[in-house]
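Just below is one structure, and these are the notes that go with it.
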There are 2 protein chains.
Amino acid sequence: MKISELSRVSGVPLPTVKYYLREGLLPAGRPLGRNQADYHEAHLRRLRLIRALIDVGGLSVAGVRQVLGAVDDDVVPGHHLLGTAHEAIAGVSRADRSTAGWLAARAEAARVVAARGWRVHERAHALDQLADAIAALRELGQEDMLTLLDGYAEATERLARQEVGLVLARGDRAGMVEGVVTGTVLGEAMLTALRRLAQEHTSATMAP
Amino acid sequence: MKISELSRVSGVPLPTVKYYLREGLLPAGRPLGRNQADYHEAHLRRLRLIRALIDVGGLSVAGVRQVLGAVDDDVVPGHHLLGTAHEAIAGVSRADRSTAGWLAARAEAARVVAARGWRVHERAHALDQLADAIAALRELGQEDMLTLLDGYAEATERLARQEVGLVLARGDRAGMVEGVVTGTVLGEAMLTALRRLAQEHTSATMAP
DNA sequence: GTCTCTGGATAGCATCACTATCCACTATCT
DNA sequence: AGATAGTGGATAGTGATGCTATCCAGAGAC
């Protein structure tokens, strides 16, 4: 498959394909001469994954590179890959994480997690993100929203069991690795979309 | 309160405060002279809301303007505000929504929602986002992930009841309006952070 | 033998969220 | 009263990001 065909079949503009090659998201094709290379199914598949992560998951190019680097690294163990996906998906926080309020929120986040008996890495990025939200709610005087935390934790725990079970059910490592990445990123997209739809329905039926 | 004090108390750099004023996110203070104006508590509160939406919720400045416009518009009814918040939070999709695959995914999204008995606006933005994710999973050959949809739908429905109930419990309209916005945006941040933590915990305990 | 296409390199562009500078003027401090 | 700092308003500049466009010498296809 020539590069132009790869572009045509995938629907990704040719200059963009070249850009992804330059950025190291897409591995080079097998060279056939000084100015010709051959791409095949794997490249198409990878290209589609890249687009899904960017378009649907909202990852940055740098984030995609990070995730794919872990995917391609056979040494990275499965659970580590999950952390990498989480970090890549997170992007850069713009919140101020040095105030007293934030530190208190961060401690509260750790408490919520500990109360559930969850064993997570002490420096998990997601703990900081949770603290960001808690701190913001407190600053805005909306502490009553924090009563929702328990429900969120319970729901996500149940979902996580299904998600992890599904991925582990795939026998092969390659399938599991791709499952972790797509499950993390696209699963999140599905979950938030459904949450919005559920809110719309519920507020329409419950509102006076 | 002078503008410099507003900046100092909120921790937002003064040029940025001026920028938000220019962009119409923050209403002008009460003018005291040709080059002096007075800001008070409401401005500080609004400024904190802006930062929470941008920093924690990841909204763009245009999205914030949209949300705040609806917040300030007394005519906008409550449930309409929810839609506005959802649209603002969504940003621009970069996915191609004209392919046959996407249209099929879109129909599937509508089916999932209908099967639950949810009554949502036929053109809800979230339906498109859900379709984006479904289409991407199919393209990547990860259709088994779609079996998670039911669990997501059930969980979000239960959560939505709690969320909407909480906001409706606030008597006053002003409180409800701010509750919708913060609940939508910051609630999503909390939910996704907890999902990641739950995944980390579960994968650590379930993995071989 | 012409015409298209290739890989590789470099440069350009549009958007976004600030950030910096300048200005004439006015509080405020001493 | 005079020095200093701060103000609203305007305009311009910045750095990051994700592409797009153009050019090139060389190869392949008809």
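Numbers restart at 1 for each chain; the letters A, B, ... are given by sequence-line order, proteins then strands.
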Not counting sequence neighbours, list each pair that qualifies as a ring-ring contact (aromatic ring centres under 6.0 Å, His included) and has a residue in residues 43-64 of chain B.
-> B:Y39-B:H43, B:H40-B:H43

Rounding to the nearest 10°, end axes of the helix from C:dG1-D:dC30 to C:dT30-D:dA1 built from five pairs each make an angle of 0°

Any residue of residues 59-70 of chain B with a heavy atom less than 4.0 Å from an atom of DNA chain C = B:S60, B:V61

Where along residues 25-43 of chain A does a heavy atom fall under 4.0 Å from DNA chain C?
-> A:N35, A:Q36, A:A37, A:Y39

By salt bridge (charged side-chain N to carboxylate O under 4.0 Å, His left out), A:E5 pairs with (sequence neighbours left out) none

Kindly say whether A:E188 contributes a backbone atom to a donor-acceptor pair with the side chain of A:T192 at under 3.5 angstrom?
-> yes

Rounded to the nearest 0.5 Å, what's the gap from CG on B:L194 to OG1 on A:T156? Could you check?
-> 5.0 Å

Quick one: does A:R97's side chain have a donor or acceptor within less than 3.5 Å of a partner on A:D132's backbone?
-> no

Would you tabulate the side-chain donor-acceptor contacts of residues 60-67 of chain B under 3.5 Å, counting partners in other chains and residues two or more places apart, or write 'none'?
residue, atom, partner, partner atom, Å
B:S60, OG, B:G63, N, 3.0
B:R65, NH1, B:E23, O, 2.9
B:R65, NH1, B:E23, OE1, 3.1

Segment of DNA chain C, first to last nucleotide, that comes within the 4.0 Å heavy-atom reach of chain B = C:dA17 to C:dA27

Set of side-chain contact (heavy atoms from CB on, under 4.5 Å) partners for A:Y20, sequence neighbours left out = A:V12, A:T16, A:L25, A:L26, A:L47, A:I50, A:R51, A:I54

Report the residues that fulfil side-chain hydrogen bond (donor to acceptor under 3.5 Å, both in side chains) with B:Q129, sequence neighbours left out, ordered by chain and then residue number.
-> A:R196

Just checking, is any N or O donor in the side chain of A:W118 or B:E200 under 3.5 Å from an acceptor N or O on the other one?
-> no

Is the distance from OP1 or OP2 of D:dT20 to the nearest side-chain N or O of A:T16 less than 4.0 Å?
-> yes

B:R48: partners by salt bridge (charged side-chain N to carboxylate O under 4.0 Å, His left out), with sequence neighbours left out | A:E139

Using a cut-off of 4.0 Å on non-hydrogen atoms, how would the nucleic acid contact of B:K18 be classed: base, sugar-phosphate, or nothing?
-> base

Taking for B:L14 and for B:R22 the nucleotide of DNA chain D with the nearest heavy atom, the one nearer the 5' end belongs to B:L14

Residues at least two apart in sequence or cross-chain that pass side-chain hydrogen bond (donor to acceptor under 3.5 Å, both in side chains) with B:D144, listed by chain then number, are A:R170

Contacts of B:R106 meeting salt bridge (charged side-chain N to carboxylate O under 4.0 Å, His left out) (sequence neighbours excluded), chain-then-number -> B:E122, B:D128

Ignoring hydrogens and geometry, is there a side-chain-to-backbone donor-acceptor pair from A:S10 to A:S7 under 3.5 Å?
-> yes

Nearest-angstrom distance from the residue atom NZ of B:K2 to C1' of D:dG8 = 14 Å

State whether A:Y19 places a side-chain N or O below 4.0 Å from either non-bridging phosphate oxygen (OP1 or OP2) of D:dT17.
-> no

